[in-house]
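Counting starts at 1 for both ligands and their atoms, following the listed order.
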Amino acid sequence: MSGPRSKGSGAAPGPAPVPRETAIRPGGQQRMPVPAGTVIRPGGWWTPMSPEGRGPGGGPSRGPESVGDAPPTGDPRGPLAPQRPDPGSADATAKAHEGAQGLTGLEPPAATTGAEDAAGADADGRAPRAPRRRTGELAVYFVYDVGLVGTGDPAPVLEAVLGAGVRAVQFRAKAVPDGLAYRLARAVRRLTAHHGALLVINDRLDLALAVGADGVHVGQDDLPADVVRRLWPDGLLGVSVRTPAEARAAEAAGADYVGAGALRSTATKDDARVIGLQGLERVAAATRLPVVAIGGITVADLPALRRAGMAGVAVASAIARAPDPGRAAAAFVRAWQRASG
Ligand SMILES: Cc1ncc(COP(=O)(O)OP(=O)(O)O)c(N)n1
Ligand SMILES: Cc1ncsc1CCOP(=O)(O)O
Ligand SMILES: [Mg+2]
């Protein structure tokens with residue numbers, strides 16, 4: 001059965017509206033319990049996609065329900081097919097789930113992958129750099145917002161954006177059923193790992209652990225940052241802040257970076273409070289942590305944001321809603337480099 005068509009599908013990787021039947025509605029999500037004491041080892045255990053499976057517009061878009069249909073990407077079972085975690089990883093839940101569905105027998109993970117090298121191997125080239133030391137890669141931080149891009153195959157948009165030089169992706173799925181969010185996030189993990197890019201999951205520590213993400217981003221109304229840090233000592237932890245006091249608290253809680261905003265109002269998050277450029281400057285002055293600006297950011301904002309002390313920009317709609325997300329992402333990467341030069 002084919003899944004619903006959505007943005008990023010077909011030959012043109014550009015955004016398309018979320019189809020009616022997959023529209024994201026406000027409402028609470030069920031959250032899986034996080035096993036106490038769970039600690040995830042850093043590093044990607046995702047099997048890279050085969051080269052022939054890559055490239056924007058690399059096949060028809062299918063919803064996650066289409067797993068098992070003809071392959072739109074390199075995995076013979078489709079882009080959202082389950083991947084096998086490293087035996088011994090803390091992804092026991094996922095493994096049990098996959099086993100229960102008879103989706104076993106995948107190849108064991110390679111000891112070292114190209115993604116790991118690209119992910120920032122240490123100088124000796126032997127070990128991938130710990131996610132917490134990779135905040136420099138948040139310079140252009142793409143927010144893969146399911147409400148914007150839809151629930152189809154993430155490959156077309158992400159291949160384009162990652163191919164343009166974006167090194168970090170946040171998976172943001174509001175009010176998406178858990179199983180669907182898991183399948184999408186797992187596909188996003190596979191793509192980001194293939195490009196050696198960071199994957200941060202918005203709001204949900206459980207989902208971050210389940211898909212082997214590099215980190216999690218929490219806001220002031222989410223799981224408290226110090227609790228996340230206690231449960232996941234090695235995870236890259238981002239915290240949303242609007243004020244100097246919140247920035248200092250995030251630092252004390254063990255955050256690796258803060259997301260500050262909104263720079264301006266944005267349809268992507270209609271309840272975002274605007275703090276403007278001055279608010280961002282105040283946050284940057286209050287913390288030693290890297291500050292990533294968010295909220296309605298366009299390429300034209302980058303020089304001022306860089307001058308205001310930002311370490312990066314988190315961007316959703318200006319990339320995802322662009323006619324050509326790859327081009328838009330490349331423009332952000334270039335503009336950031338210019339602003340930093
Ligand atoms: C990089 C970054 N900064 C801020 C946010 C916003 O987080 P939050 O306030 O928890 O709001 P939601 O995104 O969860 O609606 C973010 N996601 N990323
Ligand atoms: C998640 C979030 N937090 C504050 S504004 C915002 C949305 C960012 O999306 P966009 O780049 O489309 O304004
Ligand atoms: Mg949040």
Side-chain angles (χ1 to χ4, degrees), residues 7 15 18 24 26-29 31 134-135 137-149 157 161 166-176 181 185 198-208 213-225 227-228 236-243 246-247 249-250 253 255-277 279-280 283-284 287 289-302 305 310-322 325 328-329 331-332 336:
K7 168 193 188 322
V18 179
I24 308 303
Q29 295 180 6
R31 306 205 174 198
R134 294 176 58 190
T135 51
E137 295 172 48
L138 299 171
V140 178
Y141 182 12
F142 176 49
V143 179
Y144 185 91
D145 186 318
V146 176
L148 286 177
V149 298
V157 166
V161 167
V166 166
R167 309 283 308 133
V169 173
Q170 178 183 124
F171 178 80
R172 183 172 186 264
K174 293 287 181 180
V176 176
L198 287 168
L199 172 62
V200 176
I201 304 291
N202 188 46
D203 292 342
R204 298 191 52 174
L205 176 61
D206 57 349
L207 189 56
D214 297 297
V216 65
H217 185 99
V218 291
Q220 298 295 318
D221 297 327
D222 299 322
L223 204 55
V227 173
V228 176
L236 178 68
L237 173 59
V239 178
S240 310
V241 304
R242 289 175 299 236
T243 64
E246 287 177 355
D256 296 305
Y257 74 92
V258 292
L263 172 66
R264 61 175 64 88
S265 63
T266 168
T268 308
K269 181 172 168 65
D270 55 15
D271 62 345
R273 285 216 324 254
V274 174
I275 64 170
L277 196 60
L280 293 173
V283 165
T287 179
L289 293 177
V291 181
V292 176
I294 191 166
I297 294 172
T298 67
V299 167
D301 296 315
L302 268 50
L305 289 171
M310 299 300 108
V313 287
V315 179
S317 52
I319 292 175
R321 287 275 192 226
F332 271 96
W336 186 261

Exercise: identify the closest heavy-atom pair between Ala250 and Val241: CB-CG1, 4.2 Å
In Å and rounded to the nearest 0.5 Å, what is the CD1 to CG distance from Ile297 to Leu302? 7.5 Å
Let me confirm one number: the CE-CH2 distance from Met310 to Trp336, rounded to the nearest 0.5 Å. 8.0 Å
Polar protein atoms near the Mg ion (ligand 3) [N, O or S; cut-off under 2.8 Å]: Asp203 OD1, Asp222 OD2
How long is the span from the CZ atom in Arg172 to the NZ atom in Lys269, to the nearest 0.5 Å? 5.5 Å
Does Arg264 reach the main-chain N or O of Gly296 with its side chain, forming a donor-acceptor pair under 3.5 Å? yes
CZ-OG1 distance between Arg321 and Thr268, expressed to the nearest 0.5 angstrom: 8.0 Å
Rounded to the nearest 0.5 Å, what separation is found between the OG1 atom of Thr298 and the CD1 atom of Ile319? 11.5 Å
Using a strict cut-off of under 4.0 Å between a residue heavy atom and any atom of ligand 1, list the qualifying protein residues by chain and number. Tyr141, Gln170, Arg172, Lys174, Asn202, Asp203, His217, Gly219, Asp222, Ser240, Gly259, Lys269, Ile294, Ala314
Using a strict 4.0 Å threshold on nitrogen-to-oxygen distance, state whether Asp203 and Lys174 make a salt bridge. yes
Can you confirm whether Tyr144 sits close enough to Val161 that some side-chain heavy atom of one is under 4.5 Å from a side-chain heavy atom of the other? no
Any sub-3.5 Å donor-acceptor pair from Asp214's side-chain atoms to Leu199's backbone N or O? yes
Results of side-chain contact (heavy atoms from CB on, under 4.5 Å) for Ala314 - residues two or more places apart only: Tyr141, Val143, Val292, Ile294
What short N/O contacts, under 3.5 Å, does ligand 2 make with the protein, listed by atom pair and distance?
| from | atom 1 | to | atom 2 | distance (Å) |
| --- | --- | --- | --- | --- |
| ligand 2 | 11 (O) | Ala316 | N | 2.9 |
| ligand 2 | 12 (O) | Thr268 | OG1 | 2.5 |
| ligand 2 | 12 (O) | Ser317 | N | 2.8 |
| ligand 2 | 12 (O) | Ser317 | OG | 2.5 |
| ligand 2 | 13 (O) | Thr266 | OG1 | 2.6 |
| ligand 2 | 13 (O) | Gly296 | N | 2.7 |

Determine whether Val239 and Asp222 make a side-chain contact, defined as any pair of heavy atoms from C-beta on separated by less than 4.5 Å. no
Check whether any side-chain heavy atom of Val299 sits under 4.5 Å from a side-chain heavy atom of Phe332, and report yes or no. yes
